[in-house]
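Note that this is a predicted model, so its numbers are computed, not measured. In each ligand, atom 1 is the first atom listed, and ligand 1 is the first ligand listed.
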Amino acid sequence: MRKPFLIGCLLVFTLSMKAQNTGSQADTAWRSIYRETATRINDLVHTKLDVRFDYDKSWMYGKAWITLKPHFYATDSLLLDAKGMDISKVAMVKGGSSTPLKYTYDGMMLNINLGHTYKGGEEYTVNIEYTSKPNELKVKGSAAITDAKGLYFINPRGEDKDKPAQIWTQGETEANSVWFPTIDKPNQRCTDEIIMTVPDKYVTLSNGLLVSQHKNADGTRTDDWKMDLPHAPYLFFMGVGDYAVIKDSYKGKDVAYYVEKEYAPVARKIFGLTPEMIAFYSRITGVDYVWPKYDQVVGRDYVSGAMENTTATLHQESAQQDARELVDGNGWEEVIAHELFHQWFGDLVTTESWSNITLNESFANYSETLWNDYKHGKDAGDAQNFNDMQGYLQSHSESKDLVRFHYADKEDVFDKVSYEKGGRILHMLRNYVGDSAFFKALNLYLVTNKFKSAEAQNLRLAMEEVSGRDLNWFFNQWYYGNGNPQADISYNYDDAAGKVTVTIKQTQPGDKTFRLPLAIDVYSGGQMQRYPVWVTEREQGFTFPYTKHPDLVNVDGDKVMLWTKKDDKTLDNYVFQYKYAGKYLDRREAIDFAIKKADDPKALDLLKLAVKDPYFGLRNYTLTKLKDLKNATVKTAMEPLLADIAKSDKKSTVRAAAIGLLGELGKDEYKPLFIKALSDSSYSVAGEGLEALAHLDAGGALAQARTLTKQPMKGKLAATVSELLIEGGTEDDFDIVAGNFGQLPLSDAKFEALQPFADFLGKVKNTDKVKKGVDMIIAFREAIPAAYKNQTDPYINNMILKSIITKKTGGLGSTPAFQDQIDYIKLKIAGPAGK
Ligand SMILES: [Zn+2]
């Protein structure tokens with residue numbers, strides 16, 4: 001699963017809200033609860049479902065035939081997860097006959113008396129008839145659940161004209177038991193058959209293969225999906241909607257992309273690398289893709305980023321990018337890679353408990369690095385690796401173990417530790433055992449544990465078996481321990497004696513000392529000598545000989561270490577490092593240092609190289625750093641290069657960044673360049689062009705913005721147009737501004753667009769328009785997953801919505817003309833019920 005992108009801005013926001021939060025005692029009782037792996041009393045064998053949907057009520061009518069067997073010990077009872085259902089029948093099925101069974105049901109668990117004691121391994125089948133009511137689901141009388149409904153009806157009655165009617169499901173962690181009775185634990189798995197009856201105009205999607213379809217007299221159609229390989233209940237999936245289905249294939253297996261019809265022409269540009277990814281992951285794991293097919297579908301209002309349902313991955317609507325967005329690159333490629341790799345790590349071998357979720361997520365996360373490295377080159381892979389490492393380090397999660405037996409809620413383990421830190425730990429493990437042992441061990445782990453659940457020790461055993469090395473120390477340190485090293489690196493050169501001493505100090509808080517195998521590279525006299533060392537002490541010195549004073553001593557030469565560091569290098573060292581050590585991170589560190597020393601001509605020379613770096617990611621990075629720099633001399637020195645880059649760089653995002661920088665100079669000579677940018681196919685180039693133009697000629701830019709609104713737009717261009725219309729436009733621009741806000745999916749970008757949109761509504765006089773705009777803000781507020789709502793609701797109510805009221809009163813007390821609008825906003829702040 002990929003988490004929603006809201007996390008980024010919400011973290012920042014949470015910190016600011018925490019300051020206002022007074023005195024509530026945090027509940028820490030969970031710290032003493034050991035989260036054990038679920039006991040297996042009965043095991044699932046097969047699940048057959050026959051379901052119909054009630055679009056009017058948002059209910060599902062289901063019949064289930066569940067085949068199970070006692071795991072080892074004999075038992076006469078069966079406990080099933082069945083959340084918020086109406087149960088109308090529970091019976092034992094044997095041959096052709098059906099015998100009613102006694103049961104109790106508390107709205108969450110269905111406790112069935114089997115009426116007979118079954119021996120370990122002895123199969124039996126129960127038949128259950130039920131109604132799922134996901135929107136009415138309550139947890140122990142509390143508020144309705146918004147983000148663990150399992151089954152989602154999107155615009156089922158067609159009331160929203162801008163939104164298609166869809167049904168999709170989301171199981172992880174234990175929400176699929178809202179739509180079918182099961183043992184909803186990751187250490188269960190079974191084959192399945194799902195028979196769905198839907199309006200004939202819709203297509204359906206589920207796990208496995210579509211084995212039959214027939215039309216019914218009442219305008220419905222019945223589709224029969226079968227999955228003959230066992231998988232965990234949280235990976236079961238149903239999707240129903242009006243989709244275009246674009247077909248591809250991998251070794252004769254169907255690979256298909258389900259997108260809304262207007263995205264059919266670009267579906268291959270978004271998803272078309274999937275067969276190559278399947279081939280790549282099959283090759284590196286040595287396990288050919290095992291499932292019968294692979295489909296991907298895009299769901300509206302999806303509560304997470306994406307989900308790896310077996311053979312039927314669900315993506316958030318951000319996946320649907322238009323042709324002009326794709327000019328800047330496919331922003332969803334890593335997510336596609338991530339969910340696909342789960343088909344091996346997660347779906348084929350499944351974590352046995354949420355405590356071990358990193359067995360699913362660290363691999364899926366690391367697959368993004370592996371794919372980038374393979375497809376786009378080593379720099380792209382290293383950039384992915386480094387960005388994810390920063391994601392973990394900036395999350396301040398030092399206290400959390402990777403394998404976590406203590407947590408408050410099972411959803412909590414889906415965090416930057418299980419994902420980003422876990423991925424970096426795999427990268428270090430690979431570096432330590434070597435590529436060939438690493439991938440051979442992955443193969444052994446997959447082959448040994450396929451169609452089973454596993455814990456982190458299974459991974460250790462596979463790595464040890466192949467490498468012949470004891471890895472307890474590594475797993476104890478990184479999997480069952482927390483934190484990361486903070487290093488202070490210094491150098492002492494003794495030219496007379498011809499030796500350099502590198503001192504590495506571990507400065508992290510506490511008394512934990514990390515054990516770190518790493519390489520120290522000494523560059524001297526045109527040669528590089530590598531010294532592999534073990535850092536095992538809090539402070540440790542390593543001495544190496546030289547004949548000529550070294551140009552550079554490079555600690556962690558492979559740049560794999562998960563740490564923060566202070567590195568006592570000189571500008572000369574960094575200039576050398578940029579040119580000759582040459583890895584992505586070597587160059588990036590040199591750029592960072594040069595930006596700080598930008599007044600030094602040597603640093604400026606380095607920056608001039610960096611804006612022409614062979615890897616576009618570093619060209620972009622340098623330009624971004626230059627934009628933040630308040631140093632006119634440096635900007636003037638870079639100007640001729642920037643003008644050249646703005647015109648001729650191969651990458652649109654780099655051209656856009658250069659235009660952004662030139663715009664800040666406010667020089668008329670670049671006006672033709674900015675106007676030309678407006679017609680660029682890339683939204684980012686056109687958007688930066690428009691912003692740059694606004695610096696020179698605000699009226700002209702506003703006129704251009706209005707002309708540009710005649711065609712559809714997204715991204716930087718839509719944001720800049722909105723900005724200009726909000727600032728200088730009138731209420732006649734409402735439809736454009738509201739349209740740009742409305743089309744943003746549930747994302748950080750939408751969160752950031754709230755305030756400018758509210759500022760605009762503050763200026764609008766027409767009551768219908770204001771109400772419409774406020775409704776859009778409310779719709780966004782209500783779509784935010786429950787886990788964040790206690791932070792976002794106060795912000796949206798007290799900051800965003802109240803800021804509109806303040807504008808309406810304008811400091812003169814409430815104006816009668818706007819009283820209607822003010823009352824309406826106040827009603828909306830009070831709650832969604834005030835509809
Ligand atoms: Zn994932």
Side-chain angles (χ1 to χ4, degrees), residues 1-8 147-148 168-176 186 207 231-237 271 274 277-278 281 285 289 291 294-299 302-316 318-319 331-372 384-385 387-389 391-392 395 397 402-404 407 410-427 442 446 453-454 456 459 785 787:
M1 174 159 58
R2 276 277 289 234
K3 295 301 277 183
F5 302 98
L6 279 163
I7 286 174
D147 55 353
W168 46 258
T169 64
Q170 164 61 33
E172 198 172 26
T173 50
E174 296 173 10
N176 271 347
N207 316 96
H231 62 141
Y234 77 89
L235 296 166
F236 282 38
F237 176 78
F271 294 107
T274 304
M277 286 179 183
I278 300 176
Y281 291 144
T285 59
Y289 183 78
W291 310 103
Y294 188 61
D295 291 325
Q296 296 173 82
V297 60
V298 180
Y302 178 43
V303 287
S304 187
M307 178 65 209
E308 68 273 20
N309 311 297
T310 318
T311 78
T313 285
L314 173 64
H315 292 281
Q316 194 197 62
S318 310
W332 212 250
E333 191 173 316
E334 281 82 21
V335 183
I336 293 168
H338 177 118
E339 304 310 328
L340 175 62
F341 207 48
H342 270 312
Q343 304 295 315
W344 284 261
F345 293 90
D347 297 4
L348 180 61
V349 178
T350 308
T351 179
E352 67 168 31
S353 67
W354 305 120
S355 297
N356 281 278
I357 192 63
T358 199
L359 282 185
N360 294 8
E361 296 301 349
S362 63
F363 281 105
N365 173 280
Y366 190 47
S367 77
E368 300 171 41
T369 292
L370 292 169
W371 168 256
N372 265 306
Q384 181 77 39
N385 195 62
N387 289 335
D388 280 347
M389 187 188 298
Y392 155 70
S395 71
S397 320
L402 184 61
V403 176
R404 214 165 315 153
Y407 50 75
K410 56 190 181 305
E411 309 300 330
D412 298 348
V413 298
F414 293 82
D415 64 2
K416 304 256 175 207
V417 176
S418 300
Y419 286 65
E420 280 85 350
K421 187 184 186 191
R424 306 315 44 87
I425 288 169
L426 288 173
H427 195 55
L442 293 195
L446 288 170
S453 50
L459 181 64

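- Considering every non-hydrogen atom in both Gln296 and Ile336, the closest pair reads OE1-CG2, 3.6 Å.
- Take the N/O/S atoms of Glu361: the one nearest the Zn ion (ligand 1) is OE1.
- Residue Met307 does not count as close to the Zn ion (ligand 1), with no N, O or S atom under 2.8 Å.
- Taking the six-membered ring for Trp and the full ring otherwise, Phe363 and His342 have centroids separated by 6.0 Å or more.
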task: Take Glu361 and Asn365, measure what side-chain hydrogen bond (donor to acceptor under 3.5 Å, both in side chains) needs, and give me the verdict at the end.
output: CA-CA 6 Å; Glu361 296 301 349; Asn365 173 280; over 6 Å; no
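- For the residue pair Trp344 and Ile278, the shortest heavy atom distance occurs at CH2-O, 3.9 Å.
- To the nearest 10 degrees, the Zn ion (ligand 1) sees NE2 of His342 and NE2 of His338 at an angle of 100°.
- With 2.8 Å as the limit, Glu308 does not count as an N, O or S neighbour of the Zn ion (ligand 1).
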